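The structure appears below as structure tokens.
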Amino acid sequence: MIYKYEMACKEAGLSEEQTAEIRRFFDAEQKKLKRRNDSMERNRISYFSVSNVIEELGENADYEIPDLAVDVEDEVLHKMDLERLEELLEELTEEDREFLQIYFEEEAGAEKRVAERLGITRKKVQCWRERLLTNLRNKFFEKN
């Protein structure tokens with residue numbers, strides 16, 4: 001049986017030796033693919049081709065492919081937590097929100113710079129931060 005790549009090799013003017021080397025490569029790849037497919041079949045692992053899905057639905061179709069590695073429950077809970085945190089932040093006074101924004105824009109351990117920027121002592125910055133974070137934490141974890 002003459003394969004397309006063998007005909008292409010002849011058309012390209014490759015020697016018999018070069019064609020034989022390419023044939024060995026393709027045969028080895030085909031054997032690897034067959035072993036992989038046999039193994040997947042034995043282990044009842046199925047897979048599909050994304051290109052086949054695109055061909056069936058058309059290039060302009062709207063489709064989604066689920067990521068099986070994602071824990072949907074964790075993602076939903078995380079999103080709910082973020083929404084709750086946003087609600088709690090909106091309940092803060094303008095001054096408290098501004099403080100938190102300034103505090104978290106600065107580098108870690110930058111209480112001195114925050115204090116200078118706001119014109120207050122470092123101790124006041126530390127107390128303010130602890131009061132706000134404790135208050136948010138308590139509200140966040142309280143039962144509705």
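Only a predicted model underlies this, so the values are computations on that prediction, with no experimental measurement involved.
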Rounded to the nearest 0.5 Å, how far does [atom2] of [Y] lie from [atom1] of [X]?
X: Lys139; Y: Leu85; atom1: NZ; atom2: CG; answer: 12.0 Å
X: Glu16; Y: Lys10; atom1: CD; atom2: NZ; answer: 6.0 Å
X: Leu136; Y: Leu88; atom1: CG; atom2: CG; answer: 6.0 Å
X: Arg24; Y: Thr19; atom1: CZ; atom2: OG1; answer: 10.5 Å
X: Arg131; Y: Leu133; atom1: CZ; atom2: CG; answer: 10.0 Å

With a 6.0 Å cut-off (strictly less than), is the heavy-atom count around [atom1] of [X], excluding the residue itself, greater than 12?
X: Glu29; atom1: CD; value: yes
X: Glu17; atom1: CD; value: no
X: Glu130; atom1: CD; value: yes
X: Phe140; atom1: CZ; value: yes

Nearest atoms (heavy-atom pairs only) where [X] meets [Y]:
X: Phe99; Y: Val125; answer: CZ-O, 3.5 Å
X: Ile22; Y: Cys9; answer: CD1-SG, 3.6 Å
X: Leu92; Y: Arg97; answer: O-NH1, 2.5 Å

In plain terms, say whether Asp27 and Lys31 are close enough for a salt bridge, that is, a side-chain N and a carboxylate O under 4.0 Å apart. no

One pair to check against salt bridge (charged side-chain N to carboxylate O under 4.0 Å, His left out): Glu87 and Arg84. What are the steps and the verdict? CA-CA 5 Å; Glu87 290 171 9; Arg84 175 74 175 131; 3.8 Å; yes

Looking at Asn138 and Thr134, would you say the former's side chain and the latter's main chain have a donor-acceptor pair under 3.5 Å? yes

If two hydrophobic side chains count as joined below 4.5 Å and joins carry through other members, does Phe141 share a cluster with Leu89? yes

